[in-house]
*Asks:* 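Let me give you the structure first, and then I'll get to my questions.
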Amino acid sequence: MNSLPAWTLVPAASDDLARITDLKDQVMRADLERLGRWDPDRSRRRVADAFSTRWTSVLLVEGAFAGSVTVRPDGRGGRHLELFYLAPHLQGRGLGTAVLRRLLADADAAREPVRLTVLRGSAARRFYERHGFTVVDEDPVDVHLYRPAPGPGPATTPDRARTRLQEQSDLWSTGAATGRTVIDAACEALVAGLDGPALRELAACSYGEAFTDLDDLLPPALAEQGLVFHPHGSRSADGAALRALAARFLDGKMTARELTRLVHQCFGHELDEADPLSCLDDEYDILAYGPRSREEVDADVLAEARRLVGAP
């Protein structure tokens with residue numbers, strides 16, 4: 001049996017991006033080709049989009065580069081794990097398990113769930129399922145997995161629970177959140193001490209019923225708590241959701257690129273308030289060819305998010 005080599009995780013530096021990109025090509029290409037999804041340019045762009053000197057760590061084995069992992073806030077009160085790559089010559093020695101256990105221990109200590117995505121048919125799915133992840137969704141290419149937080153989370157104040165319920169409702173009304181997150185927010189509100197017959201009925205709604213029932217259950221539950229319901233797809237919902245997304249970015253729960261991508265997906269260039277962020281998302285796509293740096297575009301995203309929420 002191979003002994004576990006000495007290893008450590010250190011914050012990534014900007015010049016680690018090229019090494020991580022090359023490593024992804026080594027370890028992911030076969031699965032991507034199997035699915036007919038291998039595209040070198042797209043693969044490099046995805047690594048660049050997920051890479052962050054704030055959230056990405058480099059794995060060193062006896063001082064040498066051996067892998068990478070990114071763990072960032074997922075925008076839903078948990079953590080998202082990606083760019084978890086291990087050099088081929090070190091696989092099968094328990095190193096990946098040791099690193100994952102360290103990451104999960106950190107998440108458990110913070111009482112935060114963890115989400116990740118693997119390719120359909122990949123052996124990585126079984127690896128993560130052995131560590132407590134379960135499949136929550138899948139499509140012809142990707143399988144999405146989830147590992148819940150251990151036990152009850154830290155106490156949530158009524159005001160914080162009320163804010164989260166309003167935020168998730170706003171995001172749901174414009175398609176930027178699922179009915180599941182709204183129901184979860186209602187459950188959290190009850191645990192935090194908020195109450196009322198309409199709120200209890202909303203919290204009791206099953207995930208399967210959310211798609212058809214939220215339009216009826218949500219307005220009275222929000223009104224009961226002094227909150228505002230924005231009809232699904234309305235202009236007021238779009239504006240409220242846009243401000244909620246900007247606030248989440250300013251709270252450090254998503255990156256600048258994640259904010260622009262989500263805004264672009266939800267609103268395109270049709271909503272005047274969202275157009276500046278959608279245009280900045282286009283700028284991210286041409287960074288390799290345009291005159292501006294990522295830092296300059298990031299700064300513009302920060303300024304626009306502050307403008308949207310009225311922050312200094």
Side-chain angles (χ1 to χ4, degrees), residues 9 12 17 20-21 23-52 54-57 59 67-86 91 96-97 99-104 106-108 110 112-149 171 175-181 184 207 245 248 253-266 281 284-285:
L9 288 174
L17 176 59
I20 296 172
T21 302
L23 180 57
K24 180 193 177 183
D25 289 350
Q26 292 180 53
V27 300
M28 297 291 291
R29 180 168 179 170
D31 275 331
L32 289 166
E33 287 179 334
R34 172 177 55 81
L35 293 167
R37 301 285 292 179
W38 172 245
D39 181 327
D41 291 334
R42 179 172 59 191
S43 180
R44 284 192 292 270
R45 286 196 304 271
R46 291 202 170 185
V47 175
D49 288 347
F51 178 81
S52 164
R54 181 178 181 184
W55 307 116
T56 302
S57 298
L59 174 65
S68 66
V69 64
T70 294
V71 183
R72 69 173 77 249
D74 67 2
R76 292 178 282 181
R79 302 183 182 194
H80 183 71
L81 189 152
E82 54 192 332
L83 298 189
F84 190 14
Y85 308 130
L86 181 63
Q91 294 180 10
T97 294
V99 174
L100 181 62
R101 284 176 175 169
R102 166 83 63 81
L103 301 174
L104 296 181
D106 290 343
D108 288 350
E112 293 181 349
V114 182
R115 295 173 174 84
L116 57 84
T117 299
V118 299
L119 292 174
R120 193 180 184 100
S122 168
R125 171 175 172 173
R126 294 188 296 276
F127 170 70
Y128 289 117
E129 287 177 332
R130 289 197 299 270
H131 290 86
F133 286 84
T134 57
V135 174
V136 294
D137 193 18
E138 57 185 301
D139 57 43
V141 176
D142 294 318
V143 179
H144 306 282
L145 297 105
Y146 176 80
R147 181 180 183 272
L171 294 174
T178 65
R180 175 191 296 260
T181 63
D184 287 347
Y207 292 150
L245 290 173
R248 293 188 75 79
K253 295 177 179 177
M254 67 177 72
T255 66
R257 183 65 205 270
E258 288 169 339
L259 172 64
T260 62
R261 183 188 291 120
L262 188 53
V263 168
H264 202 169
Q265 289 173 347
C266 291
D281 187 53
Y284 280 115
D285 288 334

*Asks:* Would you please test R79 and D106 for side chain to side chain contact (heavy atoms under 4.5 Å, CB included) and show each step?
*Replies:* CA-CA 10 Å; R79 302 183 182 194; D106 290 343; 3.8 Å; yes
*Asks:* CG of L83 to CE of M28: how many Å apart, nearest 0.5 Å?
*Replies:* 10.0 Å
*Asks:* Kindly indicate whether the side chain of F127, heavy atoms from C-beta on, has any atom under 4.5 Å from the side chain of S122.
*Replies:* no
*Asks:* About how many Å separate CG of D74 and CG of L81, when rounded to the nearest 0.5 Å?
*Replies:* 11.0 Å
*Asks:* Got a donor-acceptor contact below 3.5 angstrom from the R72 side chain to the E82 backbone?
*Replies:* no
*Asks:* Could you tell me which residues satisfy ring-ring contact (aromatic ring centres under 6.0 Å, His included) with H144, sequence neighbours excluded, listed by chain and number?
*Replies:* none
*Asks:* Are the side chain of T56 and the backbone of F51 linked by a donor-acceptor contact shorter than 3.5 Å?
*Replies:* no
*Asks:* Could I get the full list of salt bridge (charged side-chain N to carboxylate O under 4.0 Å, His left out) partners for R34, not counting sequence neighbours?
*Replies:* D31
*Asks:* Got a sec, which pairs hit side chain to side chain donor-acceptor pair (under 3.5 Å) with one end in residues 126-135, sequence neighbours left out?
*Replies:* R125-E129
*Asks:* Taking only residues two or more places apart in sequence or in another chain, which ones pass side-chain hydrogen bond (donor to acceptor under 3.5 Å, both in side chains) with R29?
*Replies:* E33
*Asks:* D142: what forms a salt bridge (charged side-chain N to carboxylate O under 4.0 Å, His left out) with it, not counting sequence neighbours?
*Replies:* none
*Asks:* Output all residues satisfying side-chain hydrogen bond (donor to acceptor under 3.5 Å, both in side chains) with T181, sequence neighbours left out; order by chain, then residue number.
*Replies:* Q168
*Asks:* Residues two or more places apart in sequence or in another chain: which of them pass salt bridge (charged side-chain N to carboxylate O under 4.0 Å, His left out) with D184?
*Replies:* none
*Asks:* Show your working on side chain to side chain contact (heavy atoms under 4.5 Å, CB included) between V27 and Q91 and close with a plain yes or no.
*Replies:* CA-CA 10 Å; V27 300; Q91 294 180 10; 3.7 Å; yes
*Asks:* Restricting to side-chain hydrogen bond (donor to acceptor under 3.5 Å, both in side chains), what partner residues turn up for E138, sequence neighbours left out?
*Replies:* R120
*Asks:* Using the rule side-chain contact (heavy atoms from CB on, under 4.5 Å), only one of D137, L116, V136, V118 pairs with V143; which is it?
*Replies:* V118
*Asks:* S43: which residues meet the side-chain contact (heavy atoms from CB on, under 4.5 Å) condition with it, sequence neighbours left out?
*Replies:* K24, D25, W38
*Asks:* Measuring from Q26:CD to L86:CG, what's the distance to the nearest 0.5 Å?
*Replies:* 11.0 Å
*Asks:* Which distance, rounded to the nearest 0.5 Å, do you find between the NE2 of H80 and the OG1 of T117?
*Replies:* 5.0 Å
*Asks:* State, with a plain yes or no, whether a side-chain heavy atom of V263 is found less than 4.5 Å away from one of D281.
*Replies:* no
*Asks:* So R37 and L119, do their side chains get closer than 4.5 Å, heavy atoms only?
*Replies:* no
*Asks:* Are more than 12 heavy atoms from other residues, nucleotides or ligands located less than 6.0 Å from atom CZ of R42?
*Replies:* yes
*Asks:* Between D285 and R257, is there a side-chain N and carboxylate O pair less than 4.0 Å apart?
*Replies:* yes
*Asks:* Considering residues at least two apart in sequence or located in another chain, which fulfil the ring-ring contact (aromatic ring centres under 6.0 Å, His included) criterion with H264?
*Replies:* H269
*Asks:* Of the non-hydrogen atoms in G77 and P113, which two are nearest, and what is the gap between them?
*Replies:* O-CD, 3.7 Å
*Asks:* Using a strict 4.0 Å threshold on nitrogen-to-oxygen distance, state whether D49 and R261 make a salt bridge.
*Replies:* yes
*Asks:* Is any side-chain heavy atom of F133 closer than 4.5 Å to one of V114?
*Replies:* yes
*Asks:* For G132 and P148, which heavy atoms make the closest approach, and how far apart are they?
*Replies:* O-CD, 4.3 Å
*Asks:* What's the spacing between L17 CG and S52 OG if we round to 0.5 Å?
*Replies:* 11.0 Å
*Asks:* Hey, mind stepping through L59 and V69 against side chain to side chain contact (heavy atoms under 4.5 Å, CB included) and telling me if it holds?
*Replies:* CA-CA 8 Å; L59 174 65; V69 64; over 6 Å; no
*Asks:* Using side chain to side chain contact (heavy atoms under 4.5 Å, CB included), reason through F84 and L100 one step at a time and then give a plain yes or no.
*Replies:* CA-CA 9 Å; F84 190 14; L100 181 62; 4.1 Å; yes
*Asks:* Determine the minimum heavy-atom distance between L23 and G67, stating which atoms define it.
*Replies:* CD2-CA, 3.6 Å
*Asks:* If I compare all heavy atoms of I20 with all of S68, which pair ends up nearest, and what's the gap?
*Replies:* CG2-OG, 3.5 Å
*Asks:* Going by the rule salt bridge (charged side-chain N to carboxylate O under 4.0 Å, His left out), which residues pair with D108 if we only count those two or more places apart in sequence or in a different chain?
*Replies:* R147
*Asks:* Taking all atoms of both residues into account, what is the closest heavy-atom pair of P140 and L35, and its distance?
*Replies:* O-CD2, 4.2 Å
*Asks:* Could you pull out all residues at least two apart from D41 that satisfy side-chain hydrogen bond (donor to acceptor under 3.5 Å, both in side chains)?
*Replies:* R44
